[in-house]
Amino acid sequence: KGLADAFGEDYWKAIQIGGDKGPILHVVKGCPRCKQSCTDQVTGERFEEPLETLTEFRTFNNREDVYFAQNVVLQPGSGTKQISV
């Protein structure tokens, strides 16, 4: 369906997947990005991007951390099957 505003998901409190009986993901806090996203995984060389660009529009209260994801806690749904591995 899409969102009315870019990054509208930043303000969601919960996400339910698969209808009324599906699991619910409770959004607990934003996820600050670490420098790993700026590190070449083969050579170990570090760069400023993409955090430099994200700093322009993905920082919030403290202006130090760059947020680009959400941490969630799972609440299994009544239609969820448990799988042991």
Side-chain angles (χ1 to χ4, degrees):
K1 294 179 184 178
L3 299 174
D5 298 314
F7 305 110
E9 66 272 22
D10 288 345
Y11 305 99
W12 293 355
K13 300 296 181 201
I15 304 163
Q16 187 164 28
I17 301 170
D20 293 345
K21 295 183 179 184
I24 298 172
L25 303 172
H26 294 276
V27 179
V28 293
K29 67 177 188 140
C31 182
R33 304 312 298 171
C34 66
K35 287 293 249 179
Q36 185 166 344
S37 63
C38 301
T39 305
D40 183 305
Q41 299 300 301
V42 175
T43 66
E45 185 178 4
R46 284 198 171 176
F47 304 94
E48 294 302 314
E49 291 296 342
L51 291 183
E52 186 172 305
T53 297
L54 290 172
T55 299
E56 296 173 14
F57 61 96
R58 297 299 299 165
T59 57
F60 293 98
N61 298 333
N62 65 9
R63 301 280 311 157
E64 291 179 19
D65 291 328
V66 176
Y67 290 86
F68 196 73
Q70 299 292 329
N71 289 304
V72 298
V73 174
L74 173 66
Q75 174 187 328
S78 61
T80 303
K81 296 179 182 178
Q82 298 294 327
I83 300 173
S84 298
V85 180

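Just so you know, residue 1 is the first one in the sequence shown, and it goes up from there. Keep in mind it's a predicted model, so treat the numbers as computed, not measured.
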statement: Residues Asn71 and Gly30: closest non-hydrogen pair is ND2-O, 3.4 Å
- prompt: In Å and rounded to the nearest 0.5 Å, what is the CD to CG distance from Gln16 to Leu25?
  reply: 9.5 Å
- prompt: Heavy-atom count around Asp20 CG within 6.0 Å, excluding the residue itself: above 12?
  reply: no
task: Decide if atom NZ of Lys35 counts as having more than 12 heavy atoms of other residues, nucleotides or ligands within a radius under 6.0 Å.
output: yes
Atom of Trp12, atom of Val27 and distance for their closest heavy-atom approach: O-CB, 3.6 Å
message: Would you say Val73 ends up clustered with Ile24 if hydrophobic residues are merged whenever their side chains have heavy atoms under 4.5 Å apart, either directly or through other cluster members?
response: no
query: Judged by atom type as modelled, is there a donor-acceptor pair below 3.5 Å linking the side chain of Arg46 to the main-chain atoms of Thr39?
result: no
- request: Group every Ile, Leu, Val, Met, Phe, Trp and Tyr by side-chain heavy-atom contacts under 4.5 Å, then state whether Ile15 and Val28 land in the same group.
  value: no
query: Do other residues, nucleotides or ligands put more than 12 heavy atoms under 6.0 Å from the CD atom of Gln41?
result: yes
query: Between the main-chain N or O of Leu51 and the side-chain N or O of Glu48, is there a donor-acceptor pair closer than 3.5 Å?
result: no
- prompt: Hey, are the side chains of Glu49 and Leu54 touching, using non-hydrogen atoms and a 4.5 Å cut-off?
  reply: no
task: Using a cut-off of 6.0 Å, state whether more than 12 heavy atoms not belonging to Tyr11 lie near its atom OH.
output: no
- prompt: Of the non-hydrogen atoms in Arg33 and Tyr67, which two are nearest, and what is the gap between them?
  reply: CG-C, 4.5 Å
message: Quick check for you: to the nearest 0.5 Å, what is the distance between His26 atom NE2 and Lys13 atom NZ?
response: 13.0 Å
task: Please round to the nearest 0.5 Å and tell me the distance separating atom CZ of Phe68 and atom OG1 of Thr59.
output: 13.5 Å
